Amino acid sequence: AYGLSFVLFVSNLPSAPEALPKADGIVALTGGGERLDTAVALLERGVAKRLLVSGVAQETTKETVGKMADGGRRFACCADLGYTAEDTHGNAEEAAEWARGHHFASLVVVTARYHMPRTLHEFSAAMPEETLIPDPVDQSRNDLSGWWMHGRTVKLLHREYVKYLASLVTTRLSHA
């Protein structure tokens, strides 16, 4: 049963949508250049009013992030860096506080494809009223096609599945 549920988890990982609806904000979780590049490009295209990059290292400046991700004028005026999150639960709390502070009702969430189920679960628990629009990113270092043939990818996906299961339990316990 466990093995089957793991395979179902991987089989149901979301893909990037053809087009994204407009939203109030964009939240990008740190952990890969593709995530940041995607989120900044969405902001520059006007998909949302503001961007939060959540889980940024204390020594990282907005200028550094802007240069890394080719941020333009919209990034300069409308991007915020979040320095408090240390894990996905922290990302959700940081994003919820940011969204409430800006009175945002809808957020595009940008993270790795394999990380999206847990991220959406944590974000939904932290902000049950907000509309969350997933924009999963395939990271170049993690090829999910033929994942079962690559030990490193199987380990990554299994580790994420275990964290997802733990997230289901901890959020249920905290709301009980």
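Quick note: numbers below take in every heavy atom, side chains included, and nothing from hydrogens, waters or symmetry partners. The shown structure was predicted, so the numbers you read here are calculated from the model rather than taken from an experiment.
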Query raised in the report: Considering all heavy atoms of both residues, which atom of Leu52 and which atom of Gly82 are nearest to each other, and what is their separation?
Result: CD1-N, 3.7 Å

Report task. For Arg74, enumerate each residue passing the side-chain hydrogen bond (donor to acceptor under 3.5 Å, both in side chains) test, keeping only those at least two apart in sequence or located in another chain. Result -> none

Query - Verdict with reasoning, Val65 to Phe75, per side-chain contact (heavy atoms from CB on, under 4.5 Å) - result: CA-CA 10 Å; Val65 174; Phe75 182 86; 3.7 Å; yes

Query raised in the report: How long is the gap from CG on Leu157 to CZ on Arg152, to the nearest 0.5 Å?
Result: 10.5 Å

Query raised in the report: Going through the checks in order, is the side-chain contact (heavy atoms from CB on, under 4.5 Å) test met by Leu165 and Leu168?
Result: CA-CA 5 Å; Leu165 292 176; Leu168 293 177; 4.2 Å; yes

**Report entry** Thr170 side chain to Ser167 backbone, donor-acceptor under 3.5 Å
**Finding:** yes

Requested in this report: Verify side-chain contact (heavy atoms from CB on, under 4.5 Å) between Leu42 and Val108, making sure each step is shown before the conclusion.
Outcome: CA-CA 9 Å; Leu42 291 172; Val108 173; 4.0 Å; yes

Query - Pairs flagged by salt bridge (Lys or Arg N to Asp or Glu O under 4.0 Å) wherever residues 38-52 is involved - sequence neighbours left out - result: Asp24-Lys49, Arg50-Asp80

Query - Residue list, ring-ring contact (aromatic ring centres under 6.0 Å, His included) with Tyr164, at least two apart or on another chain - result: Phe9

Query - Minimum heavy-atom distance Leu51-Ala39, with the two atoms named - result: CD1-CB, 3.8 Å

Requested in this report: State, to 0.1 Å, how close Asp135 and Ala16 come at their nearest heavy-atom pair, and which atoms those are.
Outcome: OD1-CB, 4.0 Å

Report summary line: Here the gap from Leu107 atom CG to Ile26 atom CD1, rounded to the nearest 0.5 Å, amounts to 9.5 Å

Report task. Among residues two or more places apart or on two chains, list those pairs meeting salt bridge (Lys or Arg N to Asp or Glu O under 4.0 Å) that have a residue in residues 8-17. Result -> none

Report summary line: One should read off an interatomic distance between Leu20 CG and Ile133 CD1, to the nearest 0.5 angstrom, of 7.0 Å

Query raised in the report: Is there side-chain contact between Thr88 and His115, with at least one heavy-atom pair below 4.5 Å?
Result: yes

Query - Rounded distance [0.5 Å steps], CG in Leu120 versus CD in Glu122 - result: 10.5 Å

**Report entry** Ring centres under 6.0 angstrom apart (Trp147, Tyr114)
**Finding:** no

Requested in this report: Using the test side-chain hydrogen bond (donor to acceptor under 3.5 Å, both in side chains), find all partners of Glu93 that sit at least two apart in sequence or belong to another chain.
Outcome: His89

Report summary line: Residue set satisfying side-chain hydrogen bond (donor to acceptor under 3.5 Å, both in side chains) with Ser54, at least two apart, ordered chain then number -> Asn91, Glu94

Query raised in the report: Does the pair Asp138 and Glu34 meet the rule for a side-chain contact (heavy atoms from CB on, under 4.5 Å), with working shown?
Result: CA-CA 8 Å; Asp138 277 322; Glu34 291 96 340; over 6 Å; no

Query - Pairs flagged by ring pair (Phe, Tyr, Trp, His ring centres under 6.0 Å) wherever residues 36-63 is involved - sequence neighbours left out - result: none

Report task. Report the residues that fulfil side-chain hydrogen bond (donor to acceptor under 3.5 Å, both in side chains) with Ser11, sequence neighbours left out, ordered by chain and then residue number. Result -> none

Query raised in the report: In terms of hydrophobic clusters joined by side-chain contacts under 4.5 Å, are Leu8 and Val169 together?
Result: no

**Report entry** Atom of Gly71, atom of Val40 and distance for their closest heavy-atom approach
**Finding:** CA-CG1, 3.7 Å

Query raised in the report: If you look at every heavy atom in Ala85 and Gly90, which pair is closest and at what distance?
Result: CB-C, 3.4 Å

Requested in this report: Mind checking ring-ring contact (aromatic ring centres under 6.0 Å, His included) for His158 and listing every partner two or more places apart, or none if nothing turns up?
Outcome: Tyr2, Phe6

Query raised in the report: Who passes ring-ring contact (aromatic ring centres under 6.0 Å, His included) against Tyr83, sequence neighbours left out?
Result: none

Requested in this report: Name all pairs fulfilling the salt bridge (Lys or Arg N to Asp or Glu O under 4.0 Å) condition that reach into residues 156-171, sequence neighbours left out, sorted by first residue then second.
Outcome: Arg118-Glu160

Query - Ala95 to Phe123 - nearest heavy-atom pair and separation - result: CB-CE2, 3.6 Å

**Report entry** Gap separating the OG1 atom of Thr111 from the CZ atom of Arg35, nearest 0.5 angstrom
**Finding:** 3.5 Å

Report task. Measure the spacing between CE of Met127 and OG of Ser106 and express it to the nearest 0.5 Å. Result -> 11.0 Å

Report task. Taking atom types as modelled, find out whether Ser5 and Tyr161 have a side-chain donor-acceptor pair closer than 3.5 angstrom. Result -> yes

**Report entry** For Thr30, all residues meeting side chain to side chain contact (heavy atoms under 4.5 Å, CB included), sequence neighbours excluded
**Finding:** Val53, Val56

**Report entry** Short side-chain donor-acceptor distance under 3.5 Å, Thr61 and Thr64
**Finding:** yes

